[in-house]
Engineer: 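Before I ask anything, here is the structure I am working with.
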Amino acid sequence: MTLKQLSVFLENRPGRLSHPCKALSEAGVNILTLCLADTEQFGILRIIVKEWEKAKAVLEKSGCVVNVSDVLALEIPDRPGGMESILAILEPNAINIEYMYAFTLKRGSNAVLIVRVDKPELAAKTLRQHHIAPLDTGTFFGLA
Amino acid sequence: MSTMPIHPDSYADFLTPAELHRIQLHRLQTVVRASYDHVPLTRARMKERGLKPEHIKTLADIATLPFMQKTDLRDTYPYGLFARPMSEVVRLHASSGTTGKPIVVGYTRDDMNVWTSVMTRTLSAAGLNKNDVIQNAFGYGLFTGGLGAHYGAEALGATVIPISGGNTERQIMVMQDFGVTAIFSTPSYFLHLIEAIEACGTGFKDLKLKVGVFGAEPWTDAMRAHIQERAGIKAYDIYGLSEIIGPGVATECCQQAGLHVFEDHFLMEIVDPDTDQVLPDGAEGELVLTTLSKQAIPMLRYRTHDITSIIAEPCACGRTIRRIRRISHRSDDMMIIRGVNVFPSQIEAALLKVEQSLPHYQIVLSRMGGLDQIEVQVEVTEEMFRDRVSALEQLQKKMSTAIEHVIGLRANVRLVEPQSIARSQGKAKRVIDKRKEEANQ
């Protein structure tokens, strides 16, 4: 029950971020949410889009190097301690969180947490045992 | 002739052409005979051409001999070209080769004496004598620069301070406190020293420094003008290479108009790098050197890949040994970084080791604080791109370590976006050298 995330390599200098964004907007691809990791020399743009295969092709055609990875999308209550409940499940099971980012839903009072872990299968199974189901693609884009 | 007092060894700089040619021919015949008898590679190549040592009857006959290349030293690593047993070899030096293994050169006791003598003549030509206090900032160690210059300066009778390279603060302190009159270093390091001296408010007028002997890397007349003006000294260019002897192959005199080659020990030819034909005096081509007196590793017609031309006109200093023009460029893609010879193919080999397939890359050379910096830009491919920052940083480190392992110098690896390295006709320009422009500023 994982979601596809696209990662794009960027050099850390002015103007580099607009290149992939422009390619996507010209192709009519809407970025649902994103996260930018950066070091002194380079950055990684991570995006969630509905049609990831199309977006990947568009980005590659525009000269970007793209990596596809599986992430978990978890719906959590948008209130203090909402995220903590997730960590409380993953951490004791030796599942390492590599990074995460979140966004709030337009409707309702929940937020969605995008989590990249080292063992996605185990993480999904463990979460389900705790009655937290990672969102599948259909449900995810239905909510967003 | 100059009124400058010279060292007795320097009399060989003033031989008549007839005397010089007689010495050269005798030494050439001796070195060809020794190579034929003791170096299997040379003997095999001469036999292939039906050549015997006794076929060398005139100096012009040298053109019949096969060339030697840097790869010959590499292929016979470490001692394959040695013509004397190790019991007669008293010194080894090494410089970087093309595969990570260095090139090893050896010296007999007589070779050491010749090396010392040509370095003494070099320093004497720069106007130095026993009254000078010399700060030798060439690197000591396997590199031939430091010890070669050291022995020459000592034989001159000068006071030698074996400070080696680096530690700028200490260099300045020594220069001030020890009453240094001459310094040996790479020109780029001296540029750095100039800035440091000016920054600390010492100023050159309070120093006794009057001469700089610079070598081990290419530099320009613009750099010389800059150094002489800022430091108020005379800056001399010297030329040499480990394969031939180290520093001491050629030097400028007080005229600073080309470098006198010590022709009694090194026979020079200029050849067309494409056709291998010997070119006349004045024509630009590749410098080819034959060691006339070297015993441990005699080199016959060694291709230096340095581009220059012979100045046959007599020099105002009175020396009769001919000059070559300052080396302008090379016929191959060898880079000289911090005095170390580096080929792009070495960096390529290191990158291949890490990634299995060769990414597009570019080597950017620059200079910071007088020291050469190497940046290797590598275009990220789908195969090497990972979603995690730590994985990419690890990849950079792996590439950097692999390069350092091969060339012996630290290189900063920078990952860049695909297609960001400019290509002309589909081929990327491998080396961008920003050092010259920076030095001229």
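Below, read A as the first sequence line, B as the second, and so on, with proteins coming before strands; counting in each chain starts at 1.
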Engineer: Let me know if B/E393 has heavy atoms under 4.5 Å from chain A in its side chain, its backbone, both or neither.
Structural biologist: both

Engineer: Where does A/E98 contact chain B at under 4.5 Å (heavy atoms): side chain, backbone, both or neither?
Structural biologist: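 Contact with chain B involves the side chain of A/E98 alone.
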
Engineer: Considering only heavy atoms, which portion of B/S420 lies under 4.5 Å from any heavy atom of chain A: side chain, backbone, both, or neither?
Structural biologist: side chain

Engineer: Nearest heavy-atom pair of B/F385 and A/I44: which atoms, and what distance?
Structural biologist: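 Residues B/F385 and A/I44, closest heavy atoms: CZ-CG2, 4.1 Å.
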
Engineer: Please determine, among A/H19, A/R116, A/R13, the option with the most heavy-atom pairs under 4.5 Å with chain B.
Structural biologist: A/R116

Engineer: Could you list which of residues 61-92 of chain A have a heavy atom closer than 4.5 Å to any heavy atom of chain B, in residue-number order?
Structural biologist: A/G63, A/C64, A/V65, A/V66, A/N67, A/S69

Engineer: With a 4.5 angstrom heavy-atom cut-off, which part of A/F9 approaches chain B: side chain, backbone, both or neither?
Structural biologist: both

Engineer: Decide if atom NZ of A/K119 counts as having more than 12 heavy atoms of other residues, nucleotides or ligands within a radius under 6.0 Å.
Structural biologist: yes

Engineer: Passes side-chain contact (heavy atoms from CB on, under 4.5 Å), A/T39 versus B/Q396? Steps please.
Structural biologist: CA-CA 12 Å; A/T39 70; B/Q396 282 182 327; over 6 Å; no

Engineer: For B/R410, does the CZ atom sit with more than 12 other heavy atoms under 6.0 Å from it, leaving out its own atoms?
Structural biologist: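 For B/R410, atom CZ is not crowded (no more than 12 foreign heavy atoms under 6.0 Å).
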
Engineer: Less than 4.5 Å to any heavy atom of chain B: does that hold for the side chain of A/L6, its backbone, both, or neither?
Structural biologist: neither

Engineer: If you round to the nearest 0.5 Å, how far is OH of A/Y99 from CZ of B/R388?
Structural biologist: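 These two atoms lie 9.0 Å from each other.
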
Engineer: Could you pull out the closest heavy-atom pair between B/D387 and A/R46, with the gap in Å?
Structural biologist: O-NH2, 2.6 Å

Engineer: Considering only heavy atoms, which portion of B/Q419 lies under 4.5 Å from any heavy atom of chain A: side chain, backbone, both, or neither?
Structural biologist: neither

Engineer: Once salt bridge (Lys or Arg N to Asp or Glu O under 4.0 Å) is applied, what residue pairs with a partner in residues 347-364 of chain B remain, sequence neighbours excluded?
Structural biologist: none

Engineer: Looking at B/E198, I want to see if its CD is surrounded by more than 12 non-hydrogen atoms of other residues, nucleotides or ligands under 6.0 Å.
Structural biologist: yes

Engineer: Answer yes or no: are there more than 12 heavy-atom neighbours, outside B/H329 itself, under 6.0 Å from its atom NE2?
Structural biologist: yes

Engineer: Identify the two heavy atoms, one from A/E11 and one from B/V416, that lie closest to each other, and give their separation to 0.1 Å.
Structural biologist: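 Where A/E11 meets B/V416 most closely, the heavy atoms are OE2-CB, 3.2 Å.
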
